[in-house]
Structure formats: C-alpha cells, structure tokens
Amino acid sequence: MRQLGMVIDLNKCIGCQTCTLACKSQWTDHDGREFMYWNHVETRPGKGYPRDWEAAGGGWDGDSLKPGRLPRLAEDYGIPADFNFESALFHEGKQPLRPLDAMQWGPNWEEDQGAGEFPNGYFFYLPRLCNHCTKPACLAACPRQAIYKREEDGIVLIDQERCRGYRYCVAACPYKKIYFNPQAGRSEKCIFCYPRVEQGIPQACAYQCVGRARHVSYLDDEAGALHQLVSVWKVALPLHPEYGTQPNVYYVPPLSPPAFEADGKPSGKPRIPDDYLRQLFGPDVDAALATLQQEIDRKSRGESSPLMDMLIAYRHGDMFRLSRPEGGQP
Amino acid sequence: MRRTLAWLLFLLVAPVWATPGPDRLIQVGQTSAPPPLDPGDPAWTSAPAATVRLYPQITAPGGPGGSVLMLEARVLRSGGRLAIRLAWPDAGEDVADARATHRFADAAAVEFAPAGDTLPYVGMGEPGRPVQVWLWRAGQPPERLSAQGFGSLAGQAGAPPEAQARRSATGWTLVLRGKTDAPVPAAIAFAAWDGAEDGRAGRKRLSAWQALAGPGGTIPAALREEARLGGDPARGERLYTERGCVACHAPSAGLGPDLAQAGGIHWPGYLRRSIREPAAFRVPGYTSIMPKLGLQRLEIEDLAAYLMTRGQ
Amino acid sequence: MERRDFLKGTAYCGLALAFGGPFTPLRAFAADDLKARRAWEARYRREFLATRGDAQGFAFHCSNCQGNCAWKVYARDGVVTREEQSAAYPSINPNIPDANPRGCNKGIVHSRQMYQADRLLHPMKRAGKRGEGKWERVSWDVALDDIAARVVDNLNSHGLASLMLHCGTGILSQGRRAAPLRLGSLLGAQRLYPASAVGDMFTGASLAYGLATVGHTLDAWFDAKTIILWGINAAVTRIPDAHYLMEARYNGAKIYCITPEYNATAKLSTDWVPVKPGTDSFLAMSLLHVLFRDDFIDRDFVREQTDLTFLVRTDTGDLLRHKDLRDKGKDDVFFCWDEATGSAQPMPGSQGHFKKSLRLGKLQPALEGVWEVKGQDAAMIPVTTVFEHARREALKFPPHQTHATTGVHPTLVERMAKDLAKSDKAIVNIGFSLHKYVSGTMTCWGAALACALTGHAGERGGLDTENNWSLGGIGPLSSPKPARFASGFFSEWMNGDMARSMKRHYSDAHLKDTLGLDNQEIGALTGRYAETSNAWFGKPRALLLFADNMLRRNKSEAHYRQAFVESLDLFVDVNHRMDSTALWADYVLPAKSQYESWDLRGELGYHRFCNLTVPPKGLKPIGETKSEWEICLLLSRAIAKAAKTRGLIAIPDPDFLETKADKAAPVMRDLVNLAEDFTDHGKLMNDEDVVRWLMQNVPAIAPWTPEDAMKHGYVTLNREAGFNSPLYANRPFHSFEHNVYLRQPYKTLSGRQQFYVDHPVFKQLGCATPTAMQPLRPKSFPLAFWTPHTRHGIHSQWRANAQLLRLQRGEPYIWINPGTARQRGLAEGDPVRVFNDVGEFFARAKLMPAVPPGAVVMDHAWEPFQFRERLGLNSVVAGMLSPLELVEGWGHLKFNPNWDGNMIAFESSVEVEKSKETAA
C-alpha cells in the first residue's frame with residue numbers, strides 16, 4: 001500500500017481559516033453536513049473542536065480499542081447557526097442580528113485565546129483533519145466493515161453505501177474527526193479530497209492554504225516533503241502519537257517569541273512551554289525544534305539549508321507531489 | 001430487578017393484553033379487511049398475543065444489549081399483507097433528532113426467515129440464506145432490508161413497510177405492515193433497541209425465531225425437524241463438562257459465543273448443526289474455530305437438549 | 001470500565017458510549033471484496049464535479065481589501081457553486097517564493113455572501129421614518145425617476161455642491177468604481193477622499209516623503225534581514241502575503257512585531273514588542289535615541305537623501321530660507337553648512353531650487369555644528385542643523401527612561417535598533433493602527449527617520465506603509481470633468497458635528513496637558529482649515545452613496561447620523577447588501593457584487609498583478625440587481641429626462657474654469673446630455689466596455705490585451721507601474737530607487753526626505769522634528785479601547801456573513817484580559833456593557849491572556865445592527881482629530897491624496913460592566 005500524507009507547518013499557519021472554508025465550500029455546506037468541519041483550525045492550548053476532544057477517548061491500547069464517546073452537536077461541535085437576516089434587516093424595530101439558535105461552541109470558538117498570563121500569553125493554530133491513519137481505529141471499530149483504506153494512496157474512506165450510521169467509528173477516532181450526518185443517517189469525514197487527488201489536483205485545504213503551510217506527497221517518494229520532513233529531518237511529527245493510530249498528517253511544531261522575565265526583559269526561552277508541545281507531539285518535539293532553530297541560524301549566517309528551502313517552498317506547486325508511480329492504479 | 005418492575009408496570013398499562021401464547025409459536029390472526037396500521041385498532045384483539053423473550057446479541061461488538069427483555073407480538077394477515085404489532089416497555093422516548101447526533105433512537109425490527117426447512121442463524125442470517133428485515137427507528141421512515149450475515153444488512157428493493165408507532169408513558173406500541181418476500185414466512189424474529197442505552201447495531205436484544213403457526217395452530221411441517229428435541233439434558237450436561245466446552249463458551253473466555261442463554265435464542269436444529277459442523281457457520285466476532293468433536297448422533301442430541309435448557 | 005464510571009469522569013452528560021470495553025477488532029475485508037465495493041466512490045466524485053460546474057469565470061474581491069487576489073469562480077446552471085484561488089501567478093525569480101495562492105477566508109465565502117438573505121434584491125423605498133425599517137418595493141423606473149427629479153431640483157435650487165456622490169471603500173477597483181466617479185465628476189458632485197474618510201492616511205510618511213503610500217511589493221520581505229512590523233497585524237490583515245514573513249524568518253530574518261496585544265503576527269515573529277497602547281511614539285524616539293547615541297548612522301545617505309543637513313535658525317526655530325538671506329529671496333530654497341567652503345550654501349533639489357537633483361556636487365554639507373549666517377538685513381542669524389535638532393530630541397528618550405511608559409524593556413529596544421542598523425536590508429512596516437492615534441504621525445515620521453539614519457531605502461528596504469502602483473491613463477474615464485474633492489476626515493468631522501463628542505469626552509485641562517491644545521484651540525484650527533484648505537467643504541443636501549458604510553465607520557455614530565444623514569433632503573444608498581447605512585436610506589438600489597459584473601483592479605502594490613473579474617458565462621442575475629455602471633447610466637438618463645422636463649439644459653460651474661481658445665469659461669454641467677457624456681457617445685455602455693477601455697488605455701497594463709487577461713484572470717504589470725522606482729520583471733519592488741540611485745528629488749518641500757517642519761502648529765506642539773506625543777485618552781474612564789482590523793471581515797464587508805460568524809461566536813464580543821475581567825466580576829461569555837460619557841454598547845466578553853490589563857479590545861467593524869439597540873462599537877468613540885493633520889498650505893502639506901487627515905479612533909477610554917443579555 002502506498003500512503004499519501006500531509007505535513008502542516010504550524011509556523012506558517014496564520015489561523016486565517018481559508019482552509020476551513022475551502023473544505024466547507026468543497027464538501028460540507030449541504031445535505032446534513034453543515035455542522036461538520038472535515039478540516040478546521042483550532043487555537044491551542046484550548047479545549048479544541050469538538051470541545052474537549054482529547055478527553056473523549058478512542059484510539060488504541062495496544063491491540064485493543066479504547067472506549068470513546070460521541071460529541072454532542074450543540075455543546076461540542078456547535079450548531080451551524082443561521083441568522084435572522086429577514087427580521088433584523090428588513091422589518092421594523094431594532095432587533096439585532098443574532099443566530100437563530102444560541103451558539104454554545106464552534107470550530108474556532110477559542111480563537112486566539114490560548115493560555116498563559118500577560119505578557120506571556122501564548123497560542124498557536126492547529127489545523128486538524130482526518131489523519132488517514134495507518135492503523136485506523138475507526139476502521140477497526142466499524143461493525144459493518146464499511147471503512148477501508150485504499151491500496152493506491154492509503155486514503156481511509158467510509159463506504160457511504162455500507163455505513164448505517166452506528167457511530168462506533170465516531171467514538172473510536174481519538175481525533176474526533178468523523179461526523180454523523182443525521183440527514184443521511186451515515187457517518188462522514190475528510191476524504192482527503194480523493195476526487196481532486198485522482199485528477200492531480202491537491203486537496204482543497206492544502207492547495208488553498210494561503211499561508212503555504214501544507215505539503216502533500218507520498219511517504220515513499222524520497223524527494224517528497226513527507227519523506228524529507230518526517231524521515232530525514234525528523235521535524236514533522238504526528239499529533240498525539242500515543243493514540244496509537246499512526247497518523248499520516250504530520251506537523252512541524254511551532255516556534256514562539258521568547259517569554260519575558262518579570263522586569264520585561266526577553267528571557268531567551270520560548271513562550272510556548274516545551275512540556276505542552278511534548279503533550280501534543282510526543283518527546284521527539286525537542287529534537288525537531290532544535291533542528292529548526294539550528295537551520296534557521298544557518299540561514300541567518302548566510303549558509304545554505306535544504307531544510308529551510310523546503311519549508312520556504314519557493315514554488316507553490318512544488319509543495320504537492322501527487323503523481324503516481326509507474327504501474328499504479330489509474 | 002428494575003427491569004422486571006418495568007415489565008410489570010408495562011403489563012399493567014398496556015392497552016391490550018392477553019396471556020402469552022405457546023413458546024416460539026405465534027398464532028396468526030386473519031382479518032377480512034386490510035390489516036390495520038393503527039396500533040389501537042380493535043381488529044388487533046382478533047390476533048392472539050405472544051409474549052416473546054429477548055436476549056442480548058452474542059456477536060461482537062454486542063455489548064450489554066439493553067433493557068428490553070420481552071415484547072408482546074401479534075400478527076395479522078390479510079390479502080397478502082402482513083401486519084405485526086409489537087409492544088414493549090421503554091421508560092424514555094428516544095426519537096431521532098438531527099440536533100442530537102450523539103443520541104440514538106429507540107428502534108424495533110422484525111426479521112423474516114426465508115422459506116425452507118432450515119432456519120438461518122437468527123442474528124442477521126447467513127451467507128446464502130438471506131433474511132428479510134423490517135426496521136423501524138423512532139422518528140425515521142421504516143426500512144426494508146435484507147442481510148446474509150452479521151454486518152451485511154443492506155437496503156432491499158421494493159416498497160418499504162408502513163409503520164405507525166404509539167408512545168405511552170411506559171413503552172412503545174408499533175405496527176409494521178407490508179408485504180414480505182415469502183407470502184407466508186416460516187418464522188419471524190424480533191429485536192428492540194433502547195436509544196437511551198445507545199442502542200444500535202448489536203447493542204440490542206433479539207428474540208429466537210418464532211414460527212408462525214400453520215393450519216391447526218401447530219408448528220409448520222417444514223420446521224418440525226428444526227424444533228425436534230429428543231436427547232437427555234442430564235447426559236448432555238455431563239458431556240458439556242467432560243468435553244470442556246465451557247473453556248471457550250463463557251463470557252470471560254471470549255473464544256466462542258457465550259452459550260449461557262443458548263436455549264432461549266436458538267432452536268435445537270441449529271444447535272445440532274453447530275455441534276456437528278462447527279465450521280459451517282461461525283458466529284461473527286470470534287476468531288477461533290471450534291473443532292469437530294466427533295460425537296455420536298445421540299450424544300449430539302443430548303448436548304442439544306442440555307443447551308436448550310439454558311436461558312429458557 | 002463500567003459505563004457509569006466512565007460517565008462520571010467526563011463533562012459529557014447523556015453521552016453515547018461506543019463500547020462496553022476492549023474487544024477484538026473485526027477482520028478487514030479481503031482485497032478482492034474491496035475492488036467491487038469501491039463503486040460507491042463515484043458519489044464524492046460527482047459532488048466534486050458539481051462544484052466545478054459548467055462555467056468558469058475569474059474574480060477578485062474589491063471591497064476595500066488591499067489583497068487583490070485572483071480567483072476562479074465556478075458556476076452551474078447560472079449559480080455560483082464555489083470559488084478557488086487561481087494560484088497561477090508566475091514566479092518572478094526562482095530565489096523568491098511565488099505569490100500563490102493569494103486569497104483568504106473572506107474571498108472564499110463570497111459565493112455564499114452573494115446568495116445570503118441580507119442581499120438587496122429589489123429597489124426599495126422608505127415607507128416609514130428614516131431608519132424605522134419600513135420598506136416598500138418599487139420598480140427601477142419609479143425609483144430612478146423620483147431620485148432624478150429630486151437631484152435635479154436640488155441642483156437647481158441649492159447649487160452643484162449640494163450633491164454628494166460618494167463611492168466608499170466598498171469598491172476600490174478601477175472598473176466598478178469608475179461608474180460613480182464618472183457620474184459624480186460630470187455633475188460636479190462632492191466626493192470624499194476615501195482613505196482619509198476611513199482613517200487610513202499615513203501622514204507620517206507624507207511628512208517625510210510627500211507620499212502617503214510608499215514601500216515594497218511584499219515579496220520584498222523575503223530577503224530582508226530585519227523586519228519591524230509596527231501596528232500591523234499582517235497575519236490577519238495581509239493574509240495572502242503573510243507567508244513571506246515566515247519565509248523570511250526561515251531565510252534568517254529577525255522579525256519584531258510591535259503591538260499592544262499578542263496577536264497572530266506576534267506569534268510568528270522572533271520578538272514580540274509589547275508596547276503599551278498609544279505610546280508607540282516614545283518607542284520610536286528610543287529607537288532613534290540608540291541610533292544617534294551609538295552613531296548607527298549612514299552619513300553618506302543622510303547627507304544626500306535627507307534634510308538633516310538643512311540649517312535651522314536657532315532664534316526662531318524656522319528653517320533657514322533663501323528669503324532670510326536675500327530680499328525677495330525664495331521661500332522654498334534652503335541651506336546647508338558647506339564644510340568645503342565654510343559657508344551656508346543652498347541645497348539643490350528643493351521645491352524652489354532650479355536644480356532638480358539631489359546630487360551634492362562639491363558641497364560637503366555638515367551634519368553637526370552651530371554657525372552664524374548673515375541675514376538680509378546684515379544681522380547674524382544663529383543656525384544649526386536639522387540633524388542636531390533631531391538628535392537633541394531623540395536623546396531625551398533613553399530606552400531605560402521610556403521603559404515605564406512603553407512597557408518595552410531597554411534590551412529589546414537596543415537590539416531592535418542594532419538589527420535595523422546592521423542589516424543590509426531592513427523593512428519597517430507601518431500598519432493602519434498607528435495613525436488611529438494622534439501620535440501616529442510622529443511614530444511613523446520617527447520610523448521614517450530611523451530608516452533614513454540607517455540608510456534603508458530602495459533595495460536596502462526602508463519604510464513601508466503600502467505600495468500603490470501608478471496606473472495612469474484613467475482620468476478620462478473616471479474624471480472627464482473636474483470633481484469637487486472633499487477631505488475625507490474633515491468633511492466627516494464638520495458634517496457630523498464631531499466636535500461635540502470631542503468636547504464631551506476630553507476636558508480642556510486634559511487636552512492641554514496631553515496635547516498642548518484645548519478644545520477651543522482645536523476648534524480654531526478646524527476653522528482655519530475650512531477657510532484655507534483647497535479641499536471642498538460644505539454640507540450636502542442630497543447624497544448618492546455607493547458602497548460606503550458611513551454610519552458604521554464614523555465615530556459617536558448616533559450623533560454623526562443625526563447631524564448628517566438625518567438632515568439630508570435625499571439619501572440614496574447603492575449597495576449589494578443591507579448594511580447599517582442602507583438601513584437609514586430613503587432609497588436602496590440593489591447592486592451587483594464581486595462576481596457579477598466585469599471589473600479590473602491593478603493599483604494595489606503588494607504584488608505586481610492586475611486582476612480581472614470576468615463573470616462566468618450564463619450567470620443568472622440575483623433579483624433585480626444591476627451593475628454600478630448600469631445604475632449610473634440609468635441615473636444619468638433619468639436625470640437628463642428630469643432636467644429636460646424642467647427646461648434645464650446645463651448648469652454653469654464657475655468654481656472650475658475651462659480654457660478654450662485663450663478664454664476661460666466656467667465648466668458646464670451638462671444635464672440634458674448627461675447620458676451621452678456618461679457613455680462617451682455609446683462607447684461605454686456596460687461594465688465589460690469599461691474593463692476593455694482600461695485594458696487599452698492604462699500604460700502599465702501594456703502590452704496585454706483583454707483577451708490575454710480573460711484567459712488567466714490577471715496580467716502582469718509592466719515597468720511603468722512603479723513611479724518612484726522601476727518595477728523590474730525579476731525583482732521585488734522597492735520605493736525610492738529613482739531618488740536613491742538617480743538622485744531625483746522627493747515630493748517634499750525640501751526635495752529630500754523631510755524631518756523638519758517649521759509650520760507654527762508643528763513648532764507649537766514641539767513637533768518640528770519627530771518626537772513623542774502622549775496618548776490622549778482621558779482618565780475619567782479606566783480602560784483603553786482600540787479596535788484593530790478583524791480577520792473575519794474587510795471592514796464591515798463579510799462581517800455579517802453566516803459562514804464567518806460560525807467561525808466566531810455569532811455576535812459581537814470584546815477581548816479583555818482575564819485579570820481585568822475578574823476585577824469586574826466578568827466571566828467568559830458574559831454579556832457586558834461598554835460605556836463612557838459619549839455612549840455605550842453591549843457585547844459579550846471573551847477572556848484573552850493576549851490582551852494587556854486595563855484595556856478593552858474589539859476587532860472592529862461589527863455592524864451596528866449586530867448590537868443590542870443597534871448601538872455599534874463606535875458609540876463609545878469620541879470624535880478626535882490631529883492638529884498636525886489640520887496643517888494646510890505648508891510646502892508639500894497641501895490637501896491632496898497624499899496629505900489629508902485621519903479620523904482618530906483609538907484615543908477614547910471606556911469602562912465595562914456586566915449587563916443583562918446582549919439582545920434586547
């Protein structure tokens with residue numbers, strides 16, 4: 001099996017949500033999917049989206065699936081609110097524009113909040129989508145075997161004809177990136193834009209990322225960014241590797257400007273605590289950050305750095321290597 | 001205890017009730033008019049009520065199965081259409097709600113065995129022996145489905161059954177009405193899910209096959225062999241112990257299906273077949289395959305007779 | 001684990017549990033099963049193809065966004081399905097990251113905005129009182145005839161200036177904007193200068209360079225070694241270009257982000273500089289302090305390119321002028337102390353000097369020293385240099401002393417100054433936030449001086465406000481006759497009687513103490529401005545407003561509305577959506593929006609591409625909407641008809657003279673032939689004609705044809721687009737190469753980068769050279785209040801978009817430090833009332849560790865109709881303007897697009913308290 005993967009550079013992510021909406025207008029703004037964000041960007045630290053997803057279980061304990069729970073629509077995902085445009089704007093009175101249902105949560109509810117105390121508050125953006133895992137818990141949990149991983153690109157799909165909406169997958173996914181479509185009675189999730197990928201067009205979230213933060217290539221493509229960043233430079237890491245699903249979306253961890261000492265002097269220590277990043281990306285994050293800093297320093301000394309050149313990505317088109325090997329499936 | 005109380009309470013307030021009919025045999029009422037869809041239609045009194053026990057599903061992932069222990073079933077037939085009225089206790093109403101994607105709806109299903117003299121595995125049939133299913137989920141249109149084994153449930157062409165459900169404070173009364181594949185199904189089985197317990201898929205309780213009584217109110221001729229029970233349960237129990245069956249067939253062992261309630265859920269024919277040809281049909285979710293035990297014909301009868309005493 | 005136990009440990013109630021416990025997963029289907037099973041995958045493929053539709057167009061989003069991004073627009077059955085960034089711009093140089101894929105979260109939901117329920121679909125006439133919300137649907141004919149009749153009667157009885165025909169920043173493109181500009185110019189209507197009306201003037205840059213918008217294409221960030229981002233949250237407001245910042249950092253650059261709140265741009269910077277709100281000018285002075293103190297000075301650059309060598313009279317504080325030395329000497333020739341000859345010598349290149357070059361020749365101008373020069377009456381005049389003045393001023397602000405004021409630690413200031421000085425290429429970006437403070441002019445001017453001292457200009461970087469291209473050639477389209485140009489900030493100030501809220505919020509004593517002028521003295525300056533400025537002024541009686549949300553953006557909004565809009569005889573709002581201003585109109589006329597009419601935009605200088613909007617073929621009209629061109633054409637026909645029935649052929653306009661055969665005659669405002677003039681005799685009948693005209697007549701677009709542009713949705717501008725530097729095909733653009741390399745004079749009085757202004761007001765306020773000015777916010781309310789640009793709107797455009805509101809919290813909220821909130825008993829999400837002595841509004845609280853204590857911050861431009869009682873956030877912003885920006889008629893400081901003022905937005909203070917719910 002070949003595996004298509006994605007690296008998201010959290011330093012280049014500016015939290016603009018263009019990817020969120022690129023995905024939404026491509027896939028999820030109709031037919032019961034309105035509340036879903038197959039791709040979203042959440043501010044970290046925070047409860048995330050769906051709310052408290054990291055505490056909702058799922059994933060693997062060795063070879064056993066861990067219990068997980070289903071997020072609630074209004075409280076954890078957020079209702080895809082419509083608004084009283086008609087009564088607020090075209091009728092008498094001073095009724096303010098408001099959501100028709102009070103909003104309790106949303107995909108970007110904690111935008112720019114983060115943690116810490118002024119002036120040492122900190123936050124960064126974490127785009128999330130289906131990880132198209134090598135060991136998908138969702139696949140294992142489905143009693144109807146409606147979930148499978150494609151041989152040619154490792155994309156994990158929920159067969160929309162087999163799925164009967166039992167939602168074991170929703171609970172099993174430790175990233176909570178599977179959504180139950182109440183209108184269709186089926187579960188759906190990011191499909192890694194396979195209809196685009198099959199035509200050589202990168203995923204909407206990646207291609208339309210104006211921060212140029214996303215690299216897409218096959219893991220076994222040695223010239224590709226995935227292989228280089230994950231295996232060679234080891235600066236791209238999976239999110240919560242301890243969940244055991246072996247994700248194929250990787251993250252370049254975030255640098256941050258130094259925190260200030262009590263007198264306001266820059267401390268030389270990053271404002272995002274190392275511990276927090278270890279919680280998210282595991283112990284390898286230390287080495288990854290050190291490598292990043294070391295290569296930036298090389299550049300500032302005027303030396304060359306193939307790693308920095310790859311992350312800079314001089315040509316937008318070069319960030320995507322979708323071509324199939326000889327003899328691959330059409 | 002709580003569940004028993006719920007059942008008793010339900011019995012007290014159930015709109016129509018009658019003494020349970022003979023086990024695994026449902027008398028079909030005949031009406032001249034089309035069978036009613038309204039659960040409160042007086043025509044239902046013409047159909048004898050059967051009280052049917054429900055058991056947890058023993059396939060994996062099965063789970064606890066839910067709190068619906070029994071239901072009352074009545075069947076009316078007229079003009080090629082079948083109407084089935086099910087009544088069961090359910091303390092809370094759980095209806096499909098697009099705003100509550102984490103909740104599940106109360107549901108019930110009727111399963112129809114294909115014509116023939118061998119009943120398929122009661123849990124969703126077997127490859128080559130498809131069952132037909134009418135599924136009702138509270139708040140959703142009823143579905144006409146078929147299955148050939150666990151996980152194979154799929155939509156089936158043809159008009160779906162009609163459904164009308166009535167909710168009381170303590171439970172549901174549901175009528176499903178439609179045409180089945182076989183004009184006169186040999187046997188039917190029931191399942192119920194409680195939404196409050198996240199009932200869906202295998203998180204349900206399921207009855208054994210119930211034969212629809214033929215003329216004279218007896219088990220149809222084709223199913224007599226399936227129902228035949230000839231061995232000695234005491235000898236069977238000794239065999240069960242000697243052969244160490246429990247090593248695999250216990251909930252804690254998890255290597256084979258738990259047989260604690262085998263007599264409630266299965267027919268003797270199925271048990272005989274499973275002992276004789278363990279590989280012919282394997283209950284899904286279990287990885288090991290039972291060896292052929294090389295038993296004599298009478299020993300198999302004895303074991304089956306013993307297992308039929310369990311969970312009745 | 002027991003279900004019950006699991007439940008206990010979570011916040012989820014009534015949740016669903018997937019498994020009773022661990023169990024063995026099921027086997028996967030065999031591969032051969034899979035193949036057969038995959039037929040269903042066609043389902044999503046069909047969905048994808050449906051979004052690709054059956055027709056494709058190109059577009060950009062022109063509503064007051066400086067991004068200018070090329071998009072593809074897909075439509076099916078005449079309905080737009082989706083838009084996607086074109087990502088087709090060519091790479092200009094393999095060593096510089098390309099510009100793809102430009103776009104943002106607003107652009108990508110425009111297709112949803114098009115069909116949203118706030119869209120105006122039909123002409124509507126007010127049926128109740130203004131703002132009451134009662135509407136009557138009318139036909140286009142009825143609406144246009146009535147509007148035209150009232151416009152003509154108004155012109156007839158009250159004169160041409162009584163009409164204001166203003167196109168706001170909702171349309172800044174050259175195509176669609178041409179319609180209202182052309183009609184207004186033909187009629188001689190008043191027109192506000194938009195950048196000033198919205199408070200986006202860079203007057204600090206204007207002081208230094210005579211140009212408000214200077215800088216670089218933003219790919220110039222990439223090879224800079226130091227980037228100082230000052231009051232600019234590029235990751236939020238420059239979304240399509242922000243990648244160059246992180247790429248520059250990966251390329252080894254140091255990035256300093258100066259902003260009071262820790263924001264998305266601070267997050268990607270090497271250092272966040274947490275300046276206290278409104279104290280930026282102190283930080284600028286400390287930077288200058290370090291540069292002067294440590295002699296980080298590029299003396300060759302400073303001598304040639306700046307006025308720091310110019311002599312200043314120490315007796316009067318004025319620049320030494322030719323007229324000081326000679327009877328009938330010139331007012332605009334200045335002197336240096338020439339070390340070669342030991343005498344004062346005129347500096348070439350100034351506005352009055354015959355030599356239009358910065359070349360010094362044999363002159364060796366001194367930077368430091370005190371001398372005496374013989375005046376015209378033979379009296380000796382003591383002089384020193386601007387350099388000495390500037391240095392003396394800077395040395396008053398050592399970093400350790402400004403630390404308490406600015407909150408910025410001296411080590412950070414020292415390091416920033418050193419990096420600026422030592423970097424071969426450094427860029428200081430000034431954002432739109434700075435000039436929302438009165439001190440912003442000084443901060444920006446100080447930053448310009450820092451760039452000058454360190455020699456950063458041209459390819460070495462320098463100050464960047466925003467680069468705009470010189471498109472040229474557009475005049476005959478947009479201004480066939482002279483228009484009445486009004487100052488944006490000043491007209492709004494006077495029309496809206498903003499002085500009233502200023503007086504209420506700022507006591508004389510406080511103003512005197514912080515600014516040096518009290519209310520009356522400011523009033524005197526505005527009076528003088530009204531008299532002396534060549535900006536048009538006078539309250540209009542009829543307003544035809546295009547794409548301008550003036551009732552949202554103006555300060556003390558209810559008061560402004562009452563003073564201006566409610567007193568109009570006729571108020572027509574042309575808009576694609578119901579905004580807070582349209583709500584108060586007599587007529588609303590439904591316009592097309594971004595994808596529905598042809599358009600072109602190329603003046604924005606963040607990149608070198610000129611984008612086109614080409615609607616997808618077969619696009620169905622939305623309701624009865626019409627393009628601005630069509631609306632103006634219909635209006636011109638209706639006005640002609642109304643004029644004809646009144647026997648009014650033309651109105652002479654003696655305010656503007658036309659020279660014909662040596663005879664000057666008043667410009668005639670021809671009403672009966674208005675439509676003929678508007679279409680240039682049938683050549684410009686629709687929006688497509690206009691775009692084709694632009695393609696053929698704008699020199700910077702050559703040699704591209706409309707057909708080239710329609711193939712890709714953009715063309716690359718040629719060398720001519722840069723007016724103070726060439727736009728090289730393979731290099732980022734940097735301002736001032738003509739000045740630095742060709743020694744062409746700057747557009748200033750001195751002809752050089754100007755750091756001394758001896759206008760009496762500048763001298764009175766101690767601002768003759770860059771200095772620090774205190775924040776003005778009164779102490780009567782404890783919290784500072786500022787409203788940076790939002791991520792989820794371009795000003796108010798898209799602010800009420802449902803897709804974007806779902807990515808926020810659905811209604812307005814303030815950002816407040818958790819400690820500040822706690823002191824007031826406020827918790828996350830609480831409804832709050834924000835108030836002061838000029839007004840109040842209601843919102844929710846969002847607790848933000850990124851926000852400094854003692855402040856309320858709100859990302860701006862929520863529509864007033866999103867608030868309880870429709871009290872928008874500007875309800876608590878008092879009117880304020882900068883005395884420095886009221887200076888008029890000094891050298892290059894004359895009303896023009898490069899010298900106009902700002903409505904000051906960030907100098908009010910507020911208090912916040914818990915309230916009842918935020919909806920009425």
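Just so it is clear, the model here is predicted, and its values are computed rather than measured. Protein chains get the first letters and strands the later ones, always in sequence-line order, with residue 1 at the start of each.
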If I measure from the heavy atoms of chain A, does [X] come under 4.5 Å with its side chain, its backbone, both, or neither?
{"X": "C:Arg249", "value": "both"}
{"X": "C:Asp118", "value": "both"}
{"X": "C:Leu805", "value": "both"}
{"X": "C:Pro818", "value": "neither"}
{"X": "C:Ala266", "value": "backbone"}

So, are [X] and [Y] salt-bridged, with charged N and O less than 4.0 Å apart?
{"X": "C:Arg806", "Y": "A:Asp82", "result": "yes"}
{"X": "A:Glu92", "Y": "C:Lys129", "result": "no"}
{"X": "C:Arg82", "Y": "A:Asp29", "result": "no"}
{"X": "C:Glu41", "Y": "A:Arg150", "result": "yes"}
{"X": "C:Glu84", "Y": "A:Arg196", "result": "yes"}
{"X": "C:Glu247", "Y": "A:Lys12", "result": "yes"}
{"X": "A:Asp112", "Y": "C:Arg791", "result": "yes"}

Tell me which of these, [options], has more heavy-atom pairs under 4.5 Å with chain C than the rest.
{"options": "A:Pro99, A:Cys209, A:Pro195, A:Ala102", "answer": "A:Pro195"}
{"options": "A:Pro257, A:Gly93, A:Ser300, A:Gly121", "answer": "A:Pro257"}
{"options": "A:Asp309, A:Val170, A:Asp263", "answer": "A:Asp263"}
{"options": "A:Glu86, A:Glu261, A:Glu161, A:Glu295", "answer": "A:Glu161"}
{"options": "A:Gln208, A:Glu111, A:Gln17, A:Met308", "answer": "A:Gln208"}

Practice prompt. Check the pair A:Phe90 / C:Leu120 against side-chain contact (heavy atoms from CB on, under 4.5 Å), numbers first and verdict last.
Written response: CA-CA 10 Å; A:Phe90 297 95; C:Leu120 292 169; 3.9 Å; yes
Atom pair [atom1]/[atom2] of [X] and [Y] - distance to nearest 0.5 Å:
{"X": "C:Lys267", "Y": "A:Arg271", "atom1": "NZ", "atom2": "CZ", "answer": "13.0 Å"}
{"X": "A:Leu21", "Y": "C:Leu807", "atom1": "CG", "atom2": "CG", "answer": "5.0 Å"}
{"X": "A:Leu89", "Y": "C:Arg577", "atom1": "CG", "atom2": "CZ", "answer": "9.0 Å"}

Practice prompt. Look at the aromatic rings of C:Trp272 and A:Phe260 and report parallel, tilted or perpendicular, splitting at 30° and 60°.
Written response: tilted
Item to complete: Could you check whether the rings of A:Tyr194 and C:Tyr44 sit parallel, tilted or perpendicular, using 30° and 60° as the cut-offs?
Response: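 The rings of A:Tyr194 and C:Tyr44 stand perpendicular, inter-plane angle above 60°.
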At a 4.5 Å cut-off on heavy atoms, which part of [X] comes close to chain C: side chain, backbone, both, or neither?
{"X": "A:Trp105", "value": "neither"}
{"X": "A:Leu100", "value": "neither"}
{"X": "A:Phe124", "value": "both"}

Count the heavy-atom pairs under 4.5 Å between each of [options] and chain A, then report the option with the highest count.
{"options": "C:Tyr244, C:Tyr89, C:Trp135, C:Phe222", "result": "C:Phe222"}
{"options": "C:Ser580, C:Ser111, C:Ala235", "result": "C:Ala235"}
{"options": "C:Gln808, C:His792, C:Arg102", "result": "C:His792"}
{"options": "C:Val408, C:Leu268, C:Asp241, C:Asp271", "result": "C:Asp271"}
{"options": "C:Asn93, C:Asn817, C:Ile96", "result": "C:Ile96"}
{"options": "C:Met578, C:Lys846, C:Met848, C:Glu132", "result": "C:Lys846"}

Fill in: Ring center gap for C:Tyr262 and A:Phe118 short of 6.0 angstrom
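That pair fails the under 6.0 Å test.
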Worksheet item: Do any N or O atoms from the side chain of C:Arg809 and from the backbone of A:Met103 form a donor-acceptor pair under 3.5 angstrom?
Response: no
Worksheet item: Does the A:Arg315 side chain pair with the main chain of C:Asp98, one donor and one acceptor, at a distance under 3.5 Å?
Response: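 The answer is no, because no donor-acceptor pair under 3.5 Å joins these two groups.
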Worksheet item: How far apart are the C-alpha atoms of A:Leu97 and C:Glu863, what are their side-chain angles, what is the distance that settles it, and do they pass the side-chain contact (heavy atoms from CB on, under 4.5 Å) test?
Response: CA-CA 9 Å; A:Leu97 187 79; C:Glu863 288 275 10; over 6 Å; no
